[in-house]
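Quick notes on the structure that follows.
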Amino acid sequence: MSLAAIANGSPATGSPFRQVRSKVIHGDCINVMRTMPKASVDFILTDPPYLVNYRSRDGQRIANDNDPAWVKPAFAEMYRVLKPGSFCVSFYGWNAVDVFMGAWKAAGFRIVGHLVFAKGYASSRRFLEHRHEQAYLLAKGDPVLPEAPLADVRDWTYTGNRLHPTQKPASVLRPLVTAFCRPGGTVLDPFCGSGSTLVAAHDSGRSSIGIELDARHHHTAASRLAVA
């Protein structure tokens, strides 16, 4: 099935879960998004490299985590493929917020909210204990205000990073999908890692398109989605 077909969906008959279509693509997200139609996805939820040269306790690294060259072109393409009046939620590295903020604004996104996910543990310790994850809520155009806005401070569930060195929990992502993507819509994650966004979309009755550069993580995401 083509990316355009997934994004456009199929006629809404019966349960929305029967209409879910998902695709996981192995490749460079900038190149892949350039093949996608303009204004073809309803919501973007993504966890890009934080630009911190991350190395896990067992020595795993994240591709392009020490190279900011991809940030501006990636978010420019995200803005292009996102429908007007829609949202993007992007996690980011706090110590590279200037790079991310510059890319978001250059692409055309408006900064409309900030999310903090409080952890019950310290993921690392330096000058401070690091006990939260963070993401910005970005808007393309003027989305309709929600009747019941999400709280901007939210609980976190530890995944154990069993499938990816920075694995996000699908249970934490699911409320973002249901809040910011219309029922039956299409969610895009250009840095899909182990596929948590795609699982959250599937469980919420939304179609999804995931893109992953690392062949190992692409395989993991595809395997998870096959049994989601």
Side-chain angles (χ1 to χ4, degrees), residues 29 44-71 74-75 78 87-104 111 113-138 150-180 187 189-201 203-204 210-221 223-225 228:
C29 70
I44 297 173
L45 173 55
T46 194
D47 180 30
Y50 283 5
L51 303 179
V52 295
N53 201 23
Y54 178 81
R55 183 184 179 117
S56 66
R57 291 181 178 88
D58 61 359
Q60 295 186 71
R61 293 190 177 276
I62 306 296
N64 293 322
D65 195 30
N66 59 350
D67 179 10
W70 55 266
V71 181
F75 281 99
M78 286 185 232
F87 293 102
C88 169
V89 170
S90 178
F91 287 85
Y92 68 97
W94 62 265
N95 56 339
V97 65
D98 55 332
V99 177
F100 286 99
M101 190 71 71
W104 298 331
I111 315 299
H114 189 252
L115 292 151
V116 174
F117 302 86
K119 296 178 176 178
Y121 59 93
S123 56
S124 65
R125 291 178 175 87
R126 297 201 65 183
F127 297 106
L128 297 170
E129 285 191 337
H130 298 166
R131 288 182 170 267
H132 76 281
E133 293 285 337
Q134 61 283 318
Y136 269 101
L137 177 64
L138 315 172
L150 290 179
D152 61 1
V153 177
R154 312 191 59 78
D155 292 333
W156 187 261
T157 302
Y158 183 46
T159 64
N161 295 327
R162 292 179 294 274
L163 302 177
H164 187 279
T166 60
Q167 182 185 343
K168 298 295 186 286
S171 61
V172 169
L173 304 180
R174 196 175 303 122
L176 305 178
V177 172
T178 56
F180 299 120
V187 181
D189 186 350
F191 301 91
C192 76
S194 63
S196 294
T197 292
L198 314 183
V199 173
D203 292 348
S204 305
I211 308 168
E212 176 52 40
L213 182 63
D214 188 300
R216 298 166 302 161
H217 302 320
H218 169 264
H219 176 75
T220 299
S223 298
R224 289 179 77 188
L225 207 60

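For the numbers below, each heavy atom of this structure counts, side chains included, while hydrogens, waters and symmetry mates do not.
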Separation between CG of L150 and CG of L115, rounded to the nearest 0.5 Å: 7.5 Å

Contact summary for S124 and H130, nearest pair of heavy atoms: OG-ND1, 2.6 Å

Atom pair CD1/CZ of I111 and F100 - distance to nearest 0.5 Å: 12.0 Å

Closest approach of R174 to S204 (non-hydrogen atoms, all atoms of both residues): CG-OG, 3.1 Å

Least distance between heavy atoms, C29 atom then P190 atom: CB-O, 3.2 Å

Gap between atom CZ of F75 and atom SG of C88 - 0.5 Å precision: 6.0 Å

Steps toward side-chain contact (heavy atoms from CB on, under 4.5 Å) verdict (R154, V172): CA-CA 8 Å; R154 312 191 59 78; V172 169; 5.9 Å; no

Crowding at NE2, H132 (>12 non-hydrogen neighbours, <6.0 Å): yes

Sequence-distant partners of Y121, side-chain contact (heavy atoms from CB on, under 4.5 Å), two or more places apart: K119, S123, W156, Y158

Shortest non-hydrogen contact between S196 and A170, atoms and distance: O-CB, 3.7 Å

Distance in Å, T197 OG1 paired with D47 CG, rounded so as to fall on 0.5 Å steps: 7.5 Å

Value rounded to 0.5 Å, distance of CZ in F180 from CG in L137: 4.5 Å

Donor-acceptor pair, side chain of R224 and main chain of S194, under 3.5 angstrom: yes

Side-chain donor or acceptor of E212 paired with backbone N/O of G193 under 3.5 Å: yes

Passing candidate, side-chain contact (heavy atoms from CB on, under 4.5 Å) with S171, options V199, T157, D155, T159: T157

Test log, rule side-chain contact (heavy atoms from CB on, under 4.5 Å), inputs V89 and I44: CA-CA 6 Å; V89 170; I44 297 173; over 6 Å; no

Nearest heavy-atom neighbours spanning L173 and K168: CD1-CB, 4.2 Å

Residues F87, L176; criterion side-chain contact (heavy atoms from CB on, under 4.5 Å); working and verdict: CA-CA 10 Å; F87 293 102; L176 305 178; over 6 Å; no

Inter-residue atom distance D214.CG - F191.CZ, 0.5 Å rounding: 13.0 Å

For H114, ring-ring contact (aromatic ring centres under 6.0 Å, His included) partners two or more places apart: Y92, Y136

Residue pair L198 / D189: nearest heavy atoms and the distance that separates them: CD2-CB, 4.4 Å

